[in-house]
Amino acid sequence: MEIKLSNANPLKIKTNCLVFSVGSQKKLAGTTAEADSASGKYLSKILKQGDLANKAGATVMLHDVPELGAQRILLVSTGAENSISAQNFEKMSHAMAVALSAPGIKDCVICLNDTSVEDKDLAWQARTVSQALTANTYVFDLHKSKKTKGSHFNGKATLFVEDRKNNKATESGINQGSAIANGMSLARDLGNTAANVCTPTYLGKQAKKLSKTYPSVNTKLLTEAQMSKLGMGALLSVSAGSAEPAQLICMEYKGAAKSSKPVVLVGKGVTFDTGGISIKPSAGMDEMKFDMCGAASVFGVMQAVAELGLSINVIGVVAAAENMPSGEATKPGDIVTSMSGQTIEVLNTDAEGRLVLCDALTYISKYKPDVVIDIATLTGAVIVALGNHTTGLMSNDDQLADDLYSAGIDSHDRCWRLPLWDDYQKQLSSNFADLANIGGRSAGSITAGCFLASFAKDYRWAHLDIAGVAWKQGAAKGSTGRPVPMLMQYLLNRCS
Ligand code: BES
Ligand code: MN
Ligand code: ZN
């Protein structure tokens, strides 16, 4: 899908569909007013008839409007007269993208007539529209024998900009929006891919592929033998029961001077989580193919950062392993030694995410990070606490936590902080090792966070528990691409 901007008068343009935004008073202005006069007041007539509901995102598609170059006119309601909220603008953009998916529409020109959005600039608007258009073209048919064709808008979109001095802002908004949406699509693809295909080795290959497309990304893969030499006994205890070898995948993006300390992203890449010997019930277990969605979001962000060529250094690390029961699997009560030297009593082999992450968190200190953010489908408990709307945020640094919270608000990909106070740390004490890998029934997401915190003492660190937001269940089952928007917003904010 291609999105560009144009300053050419849209009334003259031959296009499949010309889009206008309309406020609640239905007073037409600017280019829409011109289109109305040219068509002999056709648009006002339709609006007077009441065909366009007064709700942000309501749409009406008009065909064969007289005297205009466009085959169709799409009117989109902003739902308010003057300034509208960011959330309503997002609704509008999404509705527009859906309406444009009608068969027969291969190109469109979008004219937003200075719709103003509270606290947001033009670049944000252009970004939101591009993101909605691109995200709405997403189709996952990798495993279908017949490929989906033409059911989504996948043509050329042009954003009309009246005043040339807004070109630069609009252009950067368009680029950001499509890069973020493409990053989300990559994350969704990896999440949706069946676990017999999407193995740790497959993820390693995807990382190599990314660095082939983007020379600014350098990929290094660590094998089980190399991890064993480094003493990653926690990570390797997870893959012990699986025929698929674990991989530690390091993607290094260089967009700034060597002296500029990197942001390090660490993703949980459990390509399938059976629970191991502490096996999960079978109902819904297929969804544990999504247990690598943290890793998938790291891939999505690395791609988006490289596509935009951001002036920062970012390292994406994925701890990839499959959690299976077998004769060689780790057993409850087994004690393993992590790379940090801390010993861990594995009381439940289903609490494996923290085991793969803790060694990755120790390993990445070699990058001398400015901040570290891990992203993981870590606990069912976070769904009990925050439902399927909000990511759980935990951090050892107030500033970093605030920055991520704001990035979540700005991108509408929100998180909420939970405490990591010392009181909780006690729940992880073990009679036999330095640490147990579970902390009992209460505060399950926080004790998981506390566990990770014991391995993240040397730097500013945040943990995102995305178990509730990474995929949808039911008829719309599939990966969401979250929290790519939040992480990209955080990185963009750091760049400006
Ligand atoms: N991958 C799961 C967490 C999960 C569960 C995500 C359900 C989404 C939906 C994780 O590895 C896990 O099994 N966690 C356990 C931890 C427990 C054994 C302390 C959990 O949440 O039940
Ligand atoms: Mn588990
Ligand atoms: Zn898991």
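Atoms considered below: every heavy atom in the structure, side chains included; atoms not considered: hydrogens, waters and symmetry mates. Counting starts at 1 for both ligands and their atoms, in listed order.
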For [atom], grab the closest protein heavy atom and report residue, atom and distance to one decimal in Å.
atom	answer
atom 16 (C) of ligand 1	Arg354 NH2, 3.9 Å
atom 14 (N) of ligand 1	Leu378 O, 3.4 Å
atom 2 (C) of ligand 1	Asp273 OD2, 3.6 Å
atom 18 (C) of ligand 1	Asn348 ND2, 3.5 Å
atom 6 (C) of ligand 1	Ala467 CB, 3.6 Å
atom 20 (C) of ligand 1	Gly380 N, 3.9 Å
atom 12 (C) of ligand 1	Asp350 O, 3.2 Å
atom 19 (C) of ligand 1	Ile438 CG2, 3.5 Å

Specify which N/O/S atom of [X] comes nearest to the Zn ion (ligand 3), by atom name.
X	value
Glu352	OE2
Asp291	OD2
Asp273	OD2

Contact check: Glu352 vs ligand 1, nitrogen or oxygen atoms, below 3.5 angstrom: yes
Should Thr379 be counted as touching ligand 1, given the test is an N or O pair under 3.5 Å?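 Thr379 vs ligand 1: no N/O contact under 3.5 Å.
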Are side-chain N/O atoms of [X] and [Y] paired as donor and acceptor at under 3.5 Å?
X	Y	result
Asp465	Thr379	yes
Ser101	Asn136	yes
Asn348	Ser278	yes
Gln489	Ser411	no
Ser239	Glu244	no
Asp291	Thr377	yes
Gln425	Ser454	yes
Gln87	Ser85	no
Trp461	Asp374	yes

To the nearest 10 degrees, how large is the angle at the Mn ion (ligand 2) between Glu352 OE1 and Asp273 OD2? 100°
Would you say Asp350 has an N, O or S atom lying under 2.8 Å from the Mn ion (ligand 2)?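 Under 2.8 Å: Asp350 contacts the Mn ion (ligand 2) through an N, O or S atom.
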Atom 22 (O) of ligand 1 within contact range, any protein heavy atom under 4.0 Å: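 Not a single protein heavy atom is under 4.0 Å away.
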Compute both the distance and the angle, then confirm whether Arg188 meets the cation-pi test with Tyr138: under 6.0 Å from the six-membered ring centre, within 45 degrees of the axis.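 Judged by the rule, Arg188 and Tyr138 form a cation-pi pair.
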Output the list of atoms in ligand 1 that are nearer than 4.0 Å to some heavy atom of Lys268, sorted by atom number.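 Numbered from 1, ligand 1 contributes 1 (N), 10 (C), 11 (O).
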So if I count the atoms of ligand 1 from 1 in the order they appear, which ones are less than 4.0 Å from some heavy atom of Thr377?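 Heavy-atom distances to Thr377 below 4.0 Å select 1 (N), 2 (C), 3 (C).
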Note: heavy atom closest to atom 9 (C) of ligand 1, options Glu287, Met288, Met292, belongs to Met288
Show your working on side chain to side chain donor-acceptor pair (under 3.5 Å) between Asp121 and Gln125 and close with a plain yes or no. CA-CA 7 Å; Asp121 57 13; Gln125 287 190 35; over 6 Å; no
Using a cut-off of strictly less than 2.8 Å, determine whether Lys268 has an N/O/S atom near the Zn ion (ligand 3). yes
Residue-level breakdown please: for Lys280 versus ligand 1, do any non-hydrogen atoms fall below 4.0 Å on the side chain, on the backbone, on both, or on neither? side chain
Taking 4.0 Å as the limit for heavy-atom contacts, which would you say applies to Trp471 with ligand 1: side chain only, backbone only, both, or neither?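 Only the side chain of Trp471 comes within reach of ligand 1.
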Between Pro245 and the options Thr201, Thr223, Leu236, the side-chain contact (heavy atoms from CB on, under 4.5 Å) test singles out Thr201
Given Leu361, Asp370, Leu400, the one that forms side-chain contact (heavy atoms from CB on, under 4.5 Å) with Tyr459: Leu361
